[in-house]
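I have placed the structure first, in the form of structure tokens, so that the comments after it can refer back to it.
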There are 2 protein chains.
Amino acid sequence: MQTMTTEEIVRKMAAQGLRITDQRKTLAGLFAESPGYRTPKDVYEYMGRIYSGLSFDTVYRNLRVMEELGVLEQVMFEEGVRFKLHCREHDHHHHLICLQCSKTYPIKHCPMDATDVPDNFQVVKHKFEVFGYCKDCRQDEAEQRSV
Amino acid sequence: MQTMTTEEIVRKMAAQGLRITDQRKTLAGLFAESPGYRTPKDVYEYMGRIYSGLSFDTVYRNLRVMEELGVLEQVMFEEGVRFKLHCREHDHHHHLICLQCSKTYPIKHCPMDATDVPDNFQVVKHKFEVFGYCKDCRQDEAEQRSV
DNA sequence: GTCCATGCAAATTCTTTGCAGGAAC
DNA sequence: GTTCCTGCAAAGAATTTGCATGGAC
């Protein structure tokens with residue numbers, strides 16, 4: 001996989017003039033390890049276990065900063081915003097996303113290759129995501145339900 | 001195109017036991033005419049021009065009701081939630097969406113056909129959307145910018 | 001020592017709910 | 001007449017901002 005290491009993330013943040021605090025190091029580590037999308041609340045709870053007296057707005061601010069910096073990417077789900085490590089651009093791909101654990105798996109195929117766009121439409125960007133359950137979260141056919 | 005008429009929408013709402021108020025008739029008409037996605041605020045402003053003393057929460061409530069009923073569909077954009085007429089299911093397709101006027105154009109091709117999903121991943125749903133500028137909103141190459 | 005990051009508090013924005021009067025059926 | 005719809009107000013939730021202190025450099 002083409003994920004960044006904690007050190008690479010920290011280095012990238014430092015290169016942009018950000019101060020490397022413990023909290024930011026931990027955040028970098030969290031996302032370097034995270035195989036999927038995380039909600040701000042998720043992240044806050046995780047961080048809260050490590051830092052007592054942590055404030056939500058600081059977590060939020062850091063997520064925003066890391067997003068603006070291009071380290072994280074933000075995606076809107078029905079239930080709200082989520083963050084994950086930004087995939088490298090030179091390797092364009094899409095994702096299978098697990099509805100249970102929100103882990104992601106790359107899809108090499110890009111639908112734009114096979115999409116017939118009328119030439120009077122000027123394409124700017126596209127979004128392709130597949131949702132379901134991964135092998136670990138897979139449910140019995142019987143108890144399976146749509147979301 | 002396979003959009004519903006105002007009458008069909010009204011009939012569908014009535015069939016579900018909803019009372020047909022002026023406001024709901026207007027809403028039905030608005031979405032029957034709307035070629036694209038609309039924000040709740042959009043809708044509220046439009047309705048507000050017709051009904052003085054209109055309250056935002058009623059608009060919201062009606063959008064929700066119409067969504068639960070299957071008349072509208074809700075989509076999360078980066079900027080927030082939007083609504084549009086629900087496309088008929090028997091004719092599965094995707095959309096080109098104009099970033100300017102938010103008008104939509106159907107894409108027949110469904111990327112799932114060409115996507116190689118590992119068989120230990122249980123697919124539940126997928127999302128494929130293409131954003132850009134339609135022929136009416138198309139911008140000069142010079143002043144064109146990514147969003 | 002300087003300037004940024006943090007926590008605290010509060011402001012905004014978005015969305016939802018309770019309630020009483022009025023409208024649809 | 002009964003039940004649902006509406007507007008008003010207010011509650012919740014999600015997100016953002018101002019400010020003083022402490023920490024990174």
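The structure presented is a predicted model; accordingly, all values stated were derived computationally and were not measured.
Backbone-only engagement by T21(A) is indicated by non-hydrogen atom pairs under 4.0 Å involving sugar-phosphate atoms exclusively. In this structure, R61(A) reaches the bases: a heavy-atom distance under 4.0 Å links it to at least one base atom across the strands shown. At the heavy-atom level, D57(A) lies under 4.0 Å from base atoms of the strands shown.
Rounded to a whole Å, the CD1 atom of I20(A) is 19 Å from the P atom of dC3(C). Counting to the nearest Å, the C1' atom of dA5(C) and the OH atom of Y51(A) are 13 Å from each other. Rounded to whole Å, atom P of dT12(C) lies 20 Å from atom CZ of F56(A). One interatomic measurement links the two molecules: CE of M76(A) to C1' of dA14(D), which rounds to 10 Å at whole-angstrom precision. Rounding to whole angstrom units, NZ of residue K25(A) and P of dG23(D) are separated by 15 Å. Distance CD (E67(B)) to C1' (dT16(C)): 14 Å, rounded to an integer number of Å. A straight line from OH of Y60(B) to C1' of dC5(D) spans 19 Å, rounded to a whole angstrom. Distance I50(A) CD1 to dT6(C) P: 14 Å, rounded to the nearest Å.
Contact check, Q23(A) against dG23(D): no side-chain N or O comes under 4.0 Å of OP1 or OP2. Distances shown here put every side-chain N or O of T58(A) at or beyond 4.0 Å from the OP1 or OP2 atom of dT6(C).
Among the candidates M66(B), R38(B), R64(B), E73(B), the single residue satisfying the side chain to side chain contact (heavy atoms under 4.5 Å, CB included) test with F83(B) is R64(B).
The residue among R64(B) and V59(A) whose nearest nucleotide of DNA chain C lies closer to the 5′ end is V59(A). Of the two residues contacting DNA chain D, namely L18(B) and P40(A), the nearest-nucleotide position lying further toward the 5' end is that of L18(B).
Side-chain contact check for Y44(A) and T39(A): no donor-acceptor pair (N or O, by modelled atom type) lies under 3.5 Å. Judged purely by distance below 3.5 Å, without hydrogens or angles, the side chains of H94(B) and H126(A) never pair a donor atom with an acceptor atom. In summary, the side chains of R138(A) and N120(B) do not present any donor paired with an acceptor at a separation below 3.5 Å, with no hydrogens or angles considered.
Remark: the R19(B) side chain and the dT3(D) base include a donor-acceptor N/O pair separated by less than 3.5 Å.
Surrounding CG of D136(B) are more than 12 heavy atoms belonging to other residues, nucleotides or ligands, all under 6.0 Å away.
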